[in-house]
Amino acid sequence: MEALTVENELRGVVSRIIIQVNLATKQGRVDVNLALEDALIPILKEIYQLPKLINLNAKQKNFPGIDLGDEFDRVAFQITSTTNIDKVKKCSGIVNLATY
């Protein structure tokens, strides 16, 4: 497959995900967000070489501050549809990676 074709398909998929998340969030539904946490794990594992990356919400429901983490490499990700600075400020500093 040509690189341009792959880029176009990827842009289409990402655009549909963004629209679905925005619509679901406006309806007060977070099921799409939760599904994306798990869907992003293999992608982030590959991109960042984090073989032990897990969904921390499976370990503890509503894990404080972050959603995905790799205890071995001490890397964490928050998966959110909220993009305002208040969300970042609220969640920064909540988690000490050594404790999860």
Beyond-backbone contact of Leu53 with Val75, side-chain heavy atoms, under 4.5 angstrom
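Leu53 does not reach Val75 side chain to side chain.
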Heavy-atom side-chain proximity of Leu50 to Leu44 below 4.5 angstrom:
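No. Closest side-chain heavy atoms not under 4.5 Å.
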Under 3.5 Å, which donor-acceptor pairs link side chains of residues 15-25 to any protein atom two or more places apart or in another chain?
{"from": "Ser15", "atom 1": "OG", "to": "Arg11", "atom 2": "O", "distance (Å)": "2.8"}
{"from": "Arg16", "atom 1": "NH1", "to": "Gly12", "atom 2": "O", "distance (Å)": "3.4"}
{"from": "Asn22", "atom 1": "ND2", "to": "Ile18", "atom 2": "O", "distance (Å)": "3.3"}
{"from": "Thr25", "atom 1": "OG1", "to": "Val21", "atom 2": "O", "distance (Å)": "2.7"}
{"from": "Thr25", "atom 1": "OG1", "to": "Ser81", "atom 2": "OG", "distance (Å)": "3.4"}

Transitive ILVMFWY side-chain link Ile41 to Phe77, under 4.5 Å:
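Same hydrophobic cluster.
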With hydrophobic residues grouped by side-chain heavy-atom distances under 4.5 Å, do Ile54 and Ile66 end up in a single group?
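Shared cluster, yes.
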From Gln78 CD over to Leu56 CG, what is the distance, rounded to the nearest 0.5 angstrom?
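It comes to 11.5 Å.
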Nearest 0.5 Å, please: how far is CG in Leu10 from OG1 in Thr5?
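One gets 12.5 Å once the value is rounded to the nearest 0.5 Å.
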Which salt bridge (Lys or Arg N to Asp or Glu O under 4.0 Å) pairs, counting each pair once, include a residue from residues 33-49, with sequence neighbours left out?
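As it turns out, there is no salt bridge (Lys or Arg N to Asp or Glu O under 4.0 Å) pair with a partner in residues 33-49 once direct neighbours are skipped.
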State which residues pass side chain to side chain contact (heavy atoms under 4.5 Å, CB included) with Leu4; sequence neighbours excluded, sorted by chain then number.
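Only Glu7, Asn8 meet the side chain to side chain contact (heavy atoms under 4.5 Å, CB included) criterion with Leu4.
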Set of side chain to side chain contact (heavy atoms under 4.5 Å, CB included) partners for Ile43, sequence neighbours left out:
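Leu40, Ile47.
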For residues 16-37, pull every pair meeting ring pair (Phe, Tyr, Trp, His ring centres under 6.0 Å), keeping only residues two or more places apart or in separate chains.
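Not a single pair qualifies under ring pair (Phe, Tyr, Trp, His ring centres under 6.0 Å).
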What's the shortest heavy-atom distance between Asp73 and Pro51, and which atoms?
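Nearest heavy atoms, Asp73 then Pro51: OD2-CD, 4.4 Å.
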Please identify each residue that fulfils side chain to side chain donor-acceptor pair (under 3.5 Å) with Gln27, with sequence neighbours left out.
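With neighbours one apart ignored, the set is Arg29.
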